[in-house]
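Encoded as structure tokens, the structure appears first; notes follow it.
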Amino acid sequence: MRILFVSTRFNPFANPINGDAQRTNLLLKACARVAAVDVVSFSGSSSDIEEIDGARLIHCGGMQSHSQQKKKLNKWISLFNPNMGSLFPINPIWEAKLDSILSSEQYDLIVVRYFPRAMSCGLWKYRDRLVVDFDDALPFYFLNQITENSSWSMRVRMHVAALKATGISRRAVARIHASFFANEAIAHSNRGFYLPNIPFCQVGCRDTIMSASNKRLLFVGQLEYEPNREGIDRFLERVYLPLCQRMSNIEMHIVGYIAKESLRQHWQSYPGVTVTGFVEDLKQEYEQSNVVVVPIYRCGATNIKLLEAMAMNRACVTTTEAFEKLNGRFENGSDLYAASDDGEYIEMLVRLLTDETENHRVAHNAKTVMDNYYSFDSFCEIVKNAIVK
């Protein structure tokens, strides 16, 4: 079997710097376990590596994205166009390159992450051999574009687009070779395959040391991703500051890629907060932390950094919104803590920062669940069962 793996957002051979890129890399490696894989990357990022685990890079970057600026009226008209492509216009540069490759080489399957990207690449014409990792539910692609500064018109358009996308998703899944979703309930309702997010690194840390003078909280994520940024803003103002008034010697490290210096300065204006940005050795950050916080209030699928923290043997406090995306594998209060409001978040942190036995119990319970259900081998088995059907 031969597979053409198409990536428009990341070069999957490059060092994956966030959960999104890590899932792309993991999916590529899983495909390479069952077939010979050629990779096309339109991300523009380069890498010294051009072959890994049975996959080889045949095209990387060198082609600019093609975008068309729609007038406001046309943006509204496209929402009511019954054509599936009206929401996801084709990028003719990407389409031409892939048509050229597919006409000269025979591939049994074409694998791509995200349905909108598959449409932009003009791959719908090859739908009988198309495998799409939707990851989040398709409506979330639009809802996630709404920010606190979005106009009323923008908010309405995105909600209408999300409603239309629900129908598109179900029709598309029925006509392509296979589809993956990171949410089990959504996968079942769309007749797709549930492919859970799994941690990129699965080597756990030793138990946290609670006797240190300072108690350290840790957040890891893509810092300019809107739900992450919103969550950190709310956490620092409504949870972290009151926590610092309750307990002394509290500090927090915020880790992840960040380009805006103004955002870094804003968060570091809070007492005891350090924004380290991207780091090569995440394990060291987890080793030095006492509790990992994941204050995410809107998410389309399982938060990968929540799973990563639990795989690292760290007690986690998240929100009920993020907890609900864990597909029933974890128990609130046993494997992690999920807060329903800011006050509960504070109380949960106080307990885990002062009770070493409870901290270790929660961390150990979560690590056991991770080892049983979120291994790379199980991830590969799901991919194999889906594409070799």
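Side chain of N25 to backbone of P12: a donor-acceptor contact under 3.5 angstrom is found. For the pair R229 (side chain) and L223 (backbone), a donor-acceptor distance under 3.5 Å is absent. For D38 (side chain) and L4 (main-chain N/O), no donor-acceptor pair under 3.5 Å exists by modelled atom type. Judged purely by atom type and a 3.5 angstrom limit, E105 has no side-chain atom pairing as donor or acceptor with the backbone of I101.
Under 4.0 Å is where a charged nitrogen must lie from a carboxylate oxygen, and between K367 and D335 no such pair does. The pair E287-R206 meets the salt-bridge criterion, since a charged nitrogen lies less than 4.0 angstrom from a carboxylate oxygen. Using a 4.0 Å cut-off between charged nitrogen and carboxylate oxygen, D342 and R234 count as a salt-bridge pair.
Legend: ring-ring contact (aromatic ring centres under 6.0 Å, His included) pairs involving residues 239-261, not counting sequence neighbours: none detected.
In this structure, R129 fails the cation-pi test against Y107, since its NZ or CZ atom is not both closer than 6.0 Å to the six-membered ring centre and inside 45 degrees of the ring normal.
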Check your understanding: For F42 and H59, what are the C-alpha separation, side-chain angles and deciding distance, and is it a ring-ring contact (aromatic ring centres under 6.0 Å, His included)?
Key -> CA-CA 8 Å; F42 292 133; H59 174 82; 5.7 Å; yes
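The line from CG of L282 to CD of Q284 is 10.0 Å long, rounded to the nearest 0.5 Å.
Under the 4.5 Å side-chain criterion, counting only non-hydrogen atoms from C-beta, L349 is in contact with V291.
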